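The structure appears below as structure tokens.
This is a predicted model, so every value here is computed, not measured.
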Amino acid sequence: MNDNKAEKAWLRKRGLADRRRVSVRGHRIAAREIAEWAPEFKRLAQRGTISCFFSFGDELDTAPLISELTRCGCRLALPVVTGRGKPLTFRRWAPGDPMRAGAFGIREPLDTAPEEAPLVILVPLLSFDARGYRIGYGGGFYDRTLAAARADRRIAAIGLAFSCQEVGRVPTDRYDQPVDGVLTERGLLTCSGGARAAALSW
């Protein structure tokens, strides 16, 4: 295992441990604070689609945010895993739509739901740094997805996390795709990713 792989594996374990230490009250506060950003996400998306994700395990609870995005009239999509080594596909979804258990047991829209090309992509993570580089679960799905989306259109990619998941520096490889910002219970961190940060000033 090279140095980057070893350090990423360690940060993955650290991120999981940091997240497990967040109290029940901390989870509620973070979910409520992040839900208040729904109007800003709507502004960023303009008339486009916002891709969110369903939380699982002890991830930050996205249910209140999804409720607020729906109340604001946003068009939503959810990610669908289409295979190992492939970018995610996004399919339109609204509360009440039929779903199925997809990869890793995460709920996904049915194949009959229309595909979308979201302008705002909300991204899960385990650890992140101020530059916007993140540690995910190791499958590389979002790195491939963000690379493909950025080659096609202008997007805003925003990680959702607890502030305790921030680290000094995430080791990077050539395929790693940073997010433009990370939203925590303390607010939005606009990441120092050069031109990428401009995506948050649409």
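Distance check: Trp93 CH2 to Thr70 OG1 gives 6.0 Å after rounding to the nearest 0.5 Å. Between the CG atom in Leu125 and the CG atom in Leu160 there is a gap of 7.5 Å [rounded to 0.5 Å]. Atoms CD1 and OG, from Ile66 and Ser55 in turn, are 7.0 Å apart once rounded to the nearest 0.5 Å. Note that CG of Leu16 and CZ of Arg21 are 11.0 Å apart. Values are rounded to the nearest 0.5 Å. Here the CZ-NZ distance, from Arg12 to Lys5, works out to 11.0 Å after rounding to the nearest 0.5 Å. Taking CD of Glu166 as the start and CG of Leu189 as the end, the distance is 6.0 Å to the nearest 0.5 Å.
Donor-acceptor pairing under 3.5 Å is lacking for the side chains of Gln165 and Arg19. At a cut-off of 3.5 Å, with distance as the only test, no side-chain donor of Thr89 or Glu115 sits close to an acceptor on the other residue.
Across all non-hydrogen atoms, the minimal contact from Asn4 to Pro171 is OD1-CB, 3.4 Å. When all heavy atoms of Gly26 and Ser23 are compared, the pair lying nearest together is N-OG, 2.9 Å. The minimum heavy-atom distance between Thr62 and Cys52, with the atom names listed, is CB-SG, 4.2 Å. The shortest heavy-atom contact between Pro124 and Phe53 is N-CE2, 3.6 Å. In plain terms, the two heavy atoms of Ala149 and Ile121 that are nearest each other are CB-CD1, 4.3 Å. Contact detail for Ser127 and Gly15: the closest heavy-atom pair is OG-CA, 3.6 Å.
Between Asp61 and Arg32 there is no salt bridge, since none of the side-chain N atoms of the basic residue sits less than 4.0 Å from a carboxylate O of the acidic one. We find that Arg174 and Asp143 are not joined by a salt bridge, their nearest charged nitrogen and carboxylate oxygen being 4.0 Å or further apart. Salt bridge Lys8/Asp173: present, at least one basic N to carboxylate O contact under 4.0 Å.
Linking Ile, Leu, Val, Met, Phe, Trp and Tyr residues whenever their side-chain heavy atoms come within less than 4.5 Å leaves Leu60 and Ile29 in two separate clusters. Cluster annotation: Tyr142 is connected to Leu44 through the hydrophobic network of ILVMFWY side chains, with a link wherever side-chain heavy atoms come within less than 4.5 Å. Cluster annotation: Leu110 is not connected to Val81 through the hydrophobic network of ILVMFWY side chains, with a link wherever side-chain heavy atoms come within less than 4.5 Å. The hydrophobic clustering, which links ILVMFWY residues whose side-chain heavy atoms are closer than 4.5 Å, places Val80 and Phe54 apart.
In this structure, His27 and Phe162 have side chains that are in contact, with non-hydrogen atoms separated by less than 4.5 Å. At least one side-chain heavy atom of Leu122 sits less than 4.5 Å from a side-chain heavy atom of Leu65. Between Arg169 and Tyr133 there is no side-chain heavy-atom pair separated by less than 4.5 Å. Taking 4.5 Å as the limit, every side-chain heavy atom of Leu119 sits out of range of all side-chain heavy atoms of Thr49. For the pair Leu183 and Phe41, the minimum side-chain heavy-atom distance is below 4.5 Å. Using a 4.5 Å heavy-atom threshold, the side chains of Thr82 and Leu88 count as separate. Residues Leu69 and Leu76 meet the side-chain proximity criterion, which asks for heavy atoms closer than 4.5 Å. Between Ile50 and Pro118 the shortest side-chain heavy-atom distance does not fall below 4.5 Å.
Aromatic ring centres of Tyr137 and Phe56 lie closer together than 6.0 Å.
Partner of Glu116 under the salt bridge (Lys or Arg N to Asp or Glu O under 4.0 Å) criterion, out of Arg153, Arg75, Arg91: Arg75 alone.
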task = Could you please spell out the steps behind the side chain to side chain contact (heavy atoms under 4.5 Å, CB included) verdict for Val167 and Leu11?
result = CA-CA 9 Å; Val167 298; Leu11 286 173; 4.0 Å; yes
key: side chain to side chain contact (heavy atoms under 4.5 Å, CB included) evaluation trace for Glu68 with Glu36   = CA-CA 8 Å; Glu68 282 300 302; Glu36 292 181 0; over 6 Å; no
inquiry  = As a quick check of understanding, evaluate side chain to side chain contact (heavy atoms under 4.5 Å, CB included) for Leu78 and Ser51, giving each step before the final call.
reply    = CA-CA 5 Å; Leu78 293 176; Ser51 170; 6.0 Å; no
ask   = Step by step, would you call Leu146 with Ile155 a side chain to side chain contact (heavy atoms under 4.5 Å, CB included)?
value = CA-CA 9 Å; Leu146 295 181; Ile155 65 166; 4.0 Å; yes
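For residues 99-110, the pairs satisfying side chain to side chain donor-acceptor pair (under 3.5 Å) are Arg100-Asp111, with sequence neighbours left out.
The closest donor-acceptor contact from the side chain of Asp3 to the backbone of Ala6 lies at 3.5 Å or more, if one exists at all. Checking side-chain atoms of Arg144 against main-chain N and O of Gly139 turns up a donor-acceptor pair under 3.5 Å. Side chain of Asp180 to backbone of Ile158: no donor-acceptor contact under 3.5 angstrom is found.
Checked against ring-ring contact (aromatic ring centres under 6.0 Å, His included), Phe141 has no partners two or more places apart in sequence or in another chain.
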